[in-house]
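Chain naming here is simple, since letters A, B, ... match the order of the sequence lines and numbering starts at 1 in each. Only a predicted model underlies this, so the values are computations on that prediction, with no experimental measurement involved.
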There are 2 protein chains.
Amino acid sequence: MEKFNLKEKFELFSDHWKPKVVAALNQQEVKLVKLQGEFPWHYHEREDEMFLVWKGNMRIEFRDHTVHLGPGDALVVPQGTEHRSAADEECQVLVFEPAGTRNTGNIEDEQFTALQTPRI
Amino acid sequence: MEKFNLKEKFELFSDHWKPKVVAALNQQEVKLVKLQGEFPWHYHEREDEMFLVWKGNMRIEFRDHTVHLGPGDALVVPQGTEHRSAADEECQVLVFEPAGTRNTGNIEDEQFTALQTPRI
C-alpha cells in the first residue's frame, strides 16, 4: 500500500507506446503510456479500455469518426470496437483495463506489441 | 462512446461524500467524489479501491498510519483493509472500484452511506 504520484511515474520512462503498470486491483490494471505517432488499428475482444489524458493531446480514431482528447478528457472504448490512437506530439495517458490486456489487442505487431508490461 | 472531461464533471455537483459514476467498464466503475470532513471507518469485504486525487489534498487513515495525498497522488486500498478518508478542505477525487461498491463498505451510516450512485 504505497502511494504513488502520476507526474513522478511519467518521469520514469520515455519510450512511446510501451505501457507501464502503476496499480493492480480487482483483476484490473492502471497503466501509464506515452504516445507519439500513430498506433495500428486493433480491437480488444473481451476488454473495455478507458483512456484518460494526463498531459498533451491525442486522438482515438474509429472507422467512422475521430475523438480528440486533451488534459482531463477520458473515453471508454468498448470491447470489440476497432480503434487506433494517435498523437502528433507526445501525450501522457492513463489506461484502465483488465490485467493482462495486450496493447495491440487482436493483432501482433513487431514494432508496437508490448511483450512485457513492466510494473514501475 | 462519449468522451467526458473530469473538470467539467466535477463542476456538475457540489455535495460531499456522494460518489457520481462517470464511466463503467469491465464490471468496474469510475466515480468522482468531493470530500470534506471525515468519513466513518469501514472496509470493503471483497473490493479493492483506488483513490486518485484530482484537486486538493486528502488523507487516508488506517488504524496504524495515515497516507497524505495531493494532486496526482494515488493509493490502492486493498479489500478487507479498514480505513477512513478525510480532508480539511474540499478535495476532488477519482475512485476506481467494482460496480456497485457501497461507499461505506461494511457499515451503514445514516449520513454517509450513498443510497444511490447516480451517473453524471
Side-chain angles (χ1 to χ4, degrees), chain A residues 1-11 21-32 44 46-55 57-83 92 94-101, chain B residues 1-11 21-32 44 46-55 57-62 64-83 92 94-101 119:
Chain A
M1 270 199 305
E2 290 285 324
K3 74 171 179 179
F4 59 92
N5 180 274
L6 291 184
K7 182 171 179 289
E8 290 171 11
K9 289 293 190 188
F10 274 116
E11 287 168 355
V21 175
V22 290
L25 69 163
N26 306 305
Q27 292 77 55
Q28 314 292 308
E29 284 173 340
V30 179
K31 298 171 182 174
L32 305 187
H44 302 278
R46 281 179 299 272
E47 300 96 348
D48 307 319
E49 193 169 36
M50 185 173 117
F51 294 85
L52 168 60
V53 174
W54 178 251
K55 189 176 175 184
N57 292 279
M58 69 172 292
R59 55 187 189 276
I60 300 178
E61 300 180 17
F62 301 95
R63 288 296 187 185
D64 58 355
H65 71 293
T66 296
V67 177
H68 294 266
L69 302 177
D73 284 340
L75 182 72
V76 174
V77 177
Q79 57 179 32
T81 306
E82 205 178 15
H83 64 286
Q92 301 182 355
L94 194 145
V95 177
F96 186 41
E97 64 189 5
T101 300
Chain B
M1 269 199 306
E2 291 284 325
K3 74 171 178 178
F4 59 92
N5 179 275
L6 291 184
K7 183 171 177 290
E8 290 171 10
K9 290 292 190 188
F10 274 116
E11 287 167 356
V21 175
V22 290
L25 69 163
N26 306 304
Q27 292 78 56
Q28 312 294 307
E29 285 174 340
V30 179
K31 298 172 181 173
L32 305 187
H44 301 277
R46 282 178 299 271
E47 300 97 348
D48 306 320
E49 194 169 36
M50 185 172 124
F51 294 84
L52 168 60
V53 173
W54 179 251
K55 189 177 175 184
N57 292 278
M58 70 174 291
R59 56 187 187 276
I60 301 179
E61 299 179 17
F62 301 94
D64 58 354
H65 71 294
T66 296
V67 177
H68 294 266
L69 303 176
D73 284 340
L75 181 73
V76 174
V77 177
Q79 57 179 31
T81 306
E82 205 179 14
H83 64 286
Q92 301 183 354
L94 208 134
V95 176
F96 293 158
E97 62 190 6
T101 299
R119 175 109 189 202

S.K.: Measure the CG-CD distance between N26(A) and E49(B) for me, rounded to the nearest 0.5 Å.
M.R.: 9.0 Å
S.K.: Parallel, tilted or perpendicular: which one describes the rings of F96(A) and F96(B), with boundaries at 30° and 60°?
M.R.: parallel
S.K.: If we define contacts as heavy-atom pairs under 4.5 Å, which of L75(A), L6(A), V30(A), D73(A) has the most with chain B?
M.R.: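 Highest number of heavy-atom pairs under 4.5 Å: D73(A).
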S.K.: Using non-hydrogen atoms and a 4.5 Å limit, figure out which bit of F51(B) sits close to chain A: side chain, backbone, both or neither.
M.R.: neither
S.K.: With respect to chain A, which residue among K9(B), E8(B), K3(B), H68(B) yields the maximal number of heavy-atom pairs within a distance under 4.5 Å?
M.R.: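 Going by pairs under 4.5 Å, I would pick K3(B).
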S.K.: Which answer fits L52(B), side chain, backbone, both or neither, if we ask what part of it has an atom under 4.5 Å from a heavy atom of chain A?
M.R.: side chain
S.K.: Which bit of V76(B) comes within less than 4.5 Å of chain A, counting heavy atoms only: side chain, backbone, both or neither?
M.R.: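 It is both, since atoms from each part get that close.
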S.K.: So which of K7(B), Q28(B), M50(B) has the biggest tally of heavy-atom pairs under 4.5 Å with chain A?
M.R.: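 Maximum pair count with chain A is reached by Q28(B).
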S.K.: Please name all residues satisfying side chain to side chain contact (heavy atoms under 4.5 Å, CB included) with R63(A), sequence neighbours left out, ordered by chain then number.
M.R.: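 For R63(A), the residues satisfying side chain to side chain contact (heavy atoms under 4.5 Å, CB included) (neighbours in sequence not counted) are W41(A), E82(A).
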S.K.: For A99(A), what residues pass the side chain to side chain contact (heavy atoms under 4.5 Å, CB included) criterion, not counting sequence neighbours?
M.R.: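 Counting only residues at least two positions away or on another chain, A99(A) forms a side chain to side chain contact (heavy atoms under 4.5 Å, CB included) with E29(A).
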S.K.: Please classify the contact between I60(A) and chain B as side chain, backbone, both or neither, with a heavy-atom cut-off of under 4.5 Å.
M.R.: neither
S.K.: Can you tell me which portion of V22(B) sits under 4.5 Å from chain A's heavy atoms? Options are side chain, backbone, both or neither.
M.R.: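 Contact with chain A: none, neither part.
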S.K.: With a 4.5 angstrom heavy-atom cut-off, could you sort out which part of E2(B) is near chain A: side chain, backbone, both or neither?
M.R.: backbone
